[in-house]
Amino acid sequence: MDTCILTFSLLNGSDLLFAFVCLFVCLFFRYGLREFVVIAPAANNDAVLSESKCNLLLSSVSIALGNTGCQVPLFVQIHHKWRRMYVGECQGPGVRTDFEMVHLRKVPNQYTHLSGLLDIFKSKIGCPLTPLPPVSIAIRFTYVLQDWQQYFWPQQPPDIDALVGGEVGGLEFGKLPFGACEDPISELHLATTWPHLTEGIIVDNDVYSDLDPLQAPHWSVRVRKADNPQCLLGDFVTEFFKICRRKESTDEILGRSTFEEEGREIADISHALSKLTEPAPVPIHKLSVSNMVHTAKKKIRKHRGVEESPLNNDVLNTILLFLFPDATSEKPLDGTSSTDNNNPSSESEEYNLYNQFKSAPSDSLTYKLALCLCMINFYHGGLKGVAHLWQEFVLEMRFRWENNFLIPGLASGPPDLRCCLLHQKLQMLNCCIERKKARDEGRKTSPSDNVTNTYSGDAGKAGDQLGPDNLKDMDKEKGEVGKSWDSWSDSEEEFFECLSDTEELKGNGQEGGKKGGPKEMASLKPEGRLYQHGKLRLLHNGEPLYIPVTQEPAPMTEDLLEEQSEVLAKLGTSAEGAHLRARMQSACLLSDMESFKAANPGCFLEDFVRWYSPRDYIEEEVIDEKGNMVLKGELSARMKIPSNMWVEAWETAKPIPARRQRRLFDDTREAEKVLHYLAVQKPADLARHLLPCVIHAAVLKVKEEESLENISSVKKIIKQIISHSSKVLHFSNPEDKKLEEIIHQITNVEAVIARAAH
Amino acid sequence: MDEDVLTTLKILIIGESGVGKSSLLLRFTDDTFDPELAATIGVDFKVKTISVDGNKAKLAIWDTAGQERFRTLTPSYYRGAQGVILVYDVTRRDTFVKLDNWLNELETYCTRNDIVNMLVGNKIDKENREVDRNEGLKFARKHSMLFIEASAKTCDGVQCAFEELVEKIIQTPGLWESENQNKGVKLTHREEGQGGGACGGYCSVL
């Protein structure tokens with residue numbers, strides 16, 4: 001019996017199913033069998049062509065059936081596969097049936113109609129009965145429609161000219177394409193059936209026929225699906241994913257010459273490196289954003305001739321306008337971004353999705369950038385186009401940093417650790433721009449300021465615009481503060497806010513240097529008060545306690561955070577390690593103490609603790625010598641431990657308001673770090689950063705399309721894709737195989753929807 | 001790192017200032033009690049390997065400062081934590097009332113939603129109790145947290161709190177297993193990895 005195995009080894013799943021159906025249809029309708037065994041060659045070139053081989057097979061079948069007593073008919077497929085020729089045999093007790101088939105290249109005229117076929121049937125059957133009993137007939141006409149793809153398929157590729165022409169606008173860049181590129185259905189079979197007819201009630205001959213397919217009592221349609229139809233969205237994501245495997249750097253892709261030019265240009269505009277060490281004040285440019293776009297365009301044109309740039313200028317400008325919509329308005333968007341106001345409610349699915357995928361909100365710059373890069377990779381110059389756009393993007397980021405223009409499309413505040421690292425980096429840059437802007441504006445309003453408010457067009461001249469007095473003040477300020485802060489003697493001193501109110505500073509600075517006690521301090525002029533505390537009064541003189549203006553905490557991206565926690569963890573778990581760890585983190589505490597001292601001259605640690613850590617000031621009702629109930633307070637036991645870090649820091653702290661303290665967050669350095677990070681990202685790195693956004697967008701697109709068709713099975717699969725993706729994408733380096741799997745799943749769903757939409 | 005350690009888990013201890021977070025940790029890791037433990041500045045860090053149901057797990061425990069001002073700094077450490085111990089002081093109702101704020105914070109800053117939370121009512125050795133055990137239990141149930149009352153001073157419930165937390169984490173599929181399969185994201189890499197270099201604004205040595 002081991003020959004009785006159906007072998008279709010070379011066929012894939014859906015093919016196998018289809019072949020099965022064909023086979024069944026073929027044998028059922030030709031021989032009226034519901035049960036049979038078929039032996040068929042596995043490969044096309046193994047077809048049984050010669051008559052002798054065919055006979056040999058049939059006689060083997062005969063012997064096998066006889067030996068086994070099998071009553072199920074057994075067939076052998078002969079000739080070329082496409083002819084679907086099956087011959088076989090069935091052995092029952094006392095009966096033997098041979099099944100034969102004739103395949104004619106051209107049907108003889110007399111066999112094209114029922115009456116001719118009946119004639120041949122009756123003559124072959126050789127029935128001795130007269131009159132012959134009526135023959136019962138089942139008739140089926142099958143119409144096959146195939147290879148129709150060439151004729152018409154409604155999915156149009158996007159009209160690139162229209163995109164560039166500006167008619168459609170940049171909006172198209174935010175959308176993903178969807179659907180099959182080719183018809184997802186490859187064959188359509190229509191069968192019209194008359195299942196029960198008796199000879200004589202219908203006429204069908206060479207001149208007349210009752211058999212009008214439209215009148216057939218039974219119609220059935222069968223669809224053959226194209227295997228793996230090419231689908232736009234799937235292709236889009238797949239192509240984007242391929243970038244992840246490219247090793248070239250942006251410079252290698254765009255060519256050495258552009259890089260050099262770029263380098264020079266950057267140096268020209270910014271003097272970026274000198275800024276790192278010398279925080280020279282930058283003039284405040286009253287630059288309208290249209291000006292800015294103009295400059296950006298000029299930059300682009302300067303870089304390359306039209307013929308050598310991978311992206312043509314129109315496409316590039318359309319994309320840049322799409323990414324930076326604020327460039328169209330005359331006024332720069334001040335401090336607000338589009339994502340600020342319409343924060344999606346935390347319950348909405350969309351909101352959860354970026355959280356789950358670790359991508360970015362769907363209205364963010366990062367998300368839009370991902371879609372644009374995807375689009376460019378597919379339609380506008382592939383990898384080169386991607387490298388080009390990225391280079392322009394990085395340039396734009398630097399331009400915005402240098403000119404104090406906030407980056408649009410990013411929620412304000414510290415980096416959102418739930419988003420992808422690239423998004424966090426952009427948010428970080430925005431934080432830096434925000435602080436630099438605030439600092440520059442603070443300087444602008446200071447009385448001794450004589451910086452002109454016009455755009456000089458060249459940031460390199462910044463120094464010239466400062467009056468000589470101003471410069472001198474800056475120097476003095478630095479010198480003095482440097483002297484009084486022994487512990488901060490590194491050369492990279494920068495101040496939170498460098499106001500040139502030197503008189504005040506001189507007074508306080510000198511006092512501070514002598515490390516005077518609270519009594520002496522009490523004579524100082526209070527500085528940097530934010531507001532008065534509701535209830536608390538200073539312990540020694542009953543003056544109201546003021547909450548000081550403090551330095552904002554440093555925003556952190558997840559890689560910085562990881563670095564920092566690594567450093568902290570490396571200190572180990574010993575007492576020394578813990579002490580050092582606390583010391584490293586006490587900069588913020590010290591800064592707050594200094595601000596507090598400046599705002600509350602003559603205060604004690606007790607005052608500070610009552611504001612900062614109220615539970616560490618313990619108040620008790622006691623009865624004094626006169627018998628009155630009085631509140632007596634003292635520091636908690638842990639705050640009284642000799643030379644604990646709080647006490648230590650308090651003793652070190654000098655009354656210096658936040659704006660004159662050393663900056664806890666060096667926005668210049670952090671911004672340069674981000675810009676450098678962005679500049680060295682290869683297209684592959686970029687693609688890896690943004691792949692979660694692309695998958696996020698693809699899932700949203702699939703969901704949107706599904707909602708039009710409403711296929712419950714697809715809904716389920718989409719849910720699975722989402723939960724699968726969120727597991728895979730939450731790790732910093734997901735395996736390629738897992739990512740491919742996700743993309744494959746998305747493609748499959750797309751194909752299902754495309755078929756359903758047919 | 002020991003070969004037989006099943007996984008490394010990141011645990012976070014949070015709660016109002018002075019509720020005994022650092023004392024609980026010290027009791028757990030060193031089995032000592034120091035009535036004069038200095039107030040934590042920023043975050044502190046300890047490691048301990050424990051065995052739960054025959055599985056060895058290395059715990060990297062981050063202890064945080066409870067003061068309001070430090071709160072802008074510590075949420076960054078919530079990232080990647082698999083377990084959180086939320087502590088209140090049973091003798092100070094205000095520390096219990098503030099629990100809601102801490103839960104909000106957790107929800108906002110935790111990067112994963114299947115994280116295991118444990119509520120610990122500390123200082124049960126003291127006599128002036130203000131928060132009843134049932135109140136704590138009710139709160140924990142309402143927010144689907146584990147719950148235990150403990151005393152870092154008398155050692156009551158401390159070991160149990162950590163063990164139960166770890167057990168629950170290990171029973172939660174996907175919370176730690178996949179960490180091990182993915183190179184580069186193991187917590188052990190974070191702690192013992194090379195590099196480091198410059199760190200953020202708060203890291204300057206005094």
Side-chain angles (χ1 to χ4, degrees), chain A residues 355 358 414 417-418 487-488 550 552-554 556 558 560-571 573 577-578 580-590 592 612-616 636-641 644-646 648-649 652 663-666 670 673 727 730-735, chain B residues 16-19 29-30 35-48 60 62 65-70 72-73 75-80 89 92 94-95 107 109 111-113 174 178-179 181-185 190-206:
Chain A
N355 188 1
K358 205 163 175 10
L417 302 178
R418 291 165 302 178
S487 48
W488 306 108
T550 49
E552 291 279 304
M556 300 275 255
E558 66 185 35
L560 280 180
L561 190 70
E562 204 135 303
E563 257 175 33
Q564 181 175 326
S565 48
E566 226 171 69
V567 170
L568 293 180
K570 258 191 194 167
L571 294 172
T573 53
L580 201 55
R581 193 157 33 232
R583 225 161 221 285
M584 284 172 79
Q585 296 175 92
S586 62
C588 170
L589 179 65
L590 182 78
D592 289 345
Y612 210 82
S613 181
R615 279 190 204 88
D616 280 303
S636 65
R638 63 175 183 175
M639 284 294 173
K640 284 197 279 195
I641 305 167
N644 82 71
M645 203 157 295
W646 291 66
E648 219 174 75
T652 325
R663 273 190 277 166
L664 288 180
F665 174 67
D666 185 344
E670 291 305 324
K673 267 165 75 179
K727 271 180 204 141
H730 238 97
F731 295 105
S732 46
N733 287 310
E735 285 166 45
Chain B
E16 289 292 303
S17 79
V19 295
T29 56
D30 299 25
E36 293 200 337
L37 202 55
T40 309
I41 291 173
V43 295
D44 199 12
F45 168 81
K46 284 196 187 302
V47 183
K48 173 150 179 161
W62 291 86
Q67 281 81 7
E68 192 105 23
R69 251 313 261 184
F70 286 122
T72 46
L73 162 76
S76 8
Y77 286 90
Y78 291 18
R79 206 178 88 83
D89 176 352
R92 303 190 80 149
D94 59 325
T95 65
E107 203 175 301
Y109 295 108
T111 47
R112 43 194 325 155
N113 40 19
S178 36
E179 291 268 345
Q181 290 155 7
N182 282 272
K183 304 134 211 143
V185 288
R190 254 177 240 165
E191 294 146 24
E192 293 160 8
Q194 297 303 303
C199 50
Y202 285 93
C203 261
S204 36
V205 182
L206 269 177

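Just so you know, these numbers use all the heavy atoms, side chains as well, and skip hydrogens, waters and symmetry mates. Each chain gets a letter, A, B and so on, in the order the sequences are listed, and its residues count up from 1.
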>> Could you tell me if the side chain of A:N644 sits less than 4.5 Å from the side chain of B:E36, heavy atoms only?
In response: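 No. Closest side-chain heavy atoms not under 4.5 Å.
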> Side chains of B:Y78 and A:L417: does their closest heavy-atom pair fall under 4.5 Å?
Replying inline: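 In short, these two side chains do not touch, never coming nearer than 4.5 Å.
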From [atom1] ([X]) to [atom2] ([Y]), nearest 0.5 Å:
X      : Y      : atom1 : atom2 : answer
A:M645 : B:T40  : CE    : OG1   : 11.0 Å
B:Q67  : A:D592 : CD    : CG    : 11.0 Å
A:T573 : B:D44  : OG1   : CG    : 9.5 Å
B:F45  : A:S565 : CZ    : OG    : 9.0 Å

> Can you name the nearest heavy-atom pair linking B:L37 to A:I641, along with the distance?
Replying inline: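 Closest approach of B:L37 to A:I641, heavy atoms only: C-CD1, 4.1 Å.
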> So which part of B:T29 gets closer than 4.5 Å to some heavy atom of chain A, the side chain, the backbone, both or neither?
Replying inline: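 No part of it gets close to chain A.
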> Taking the side chain from A:Q585 and the backbone from B:V43, do they hold a donor-acceptor pair closer than 3.5 Å?
Replying inline: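 At least one qualifying donor-acceptor pair exists.
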> Do the charged groups of B:D94 and A:R615 touch, with an N to O distance under 4.0 Å?
Replying inline: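 Result for this pair is yes, salt bridge flagged.
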> In terms of heavy-atom pairs under 4.5 Å, which option from B:G18, B:S17, B:A38 contacts chain A the most?
Replying inline: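 Highest number of pairs under 4.5 Å: B:S17.
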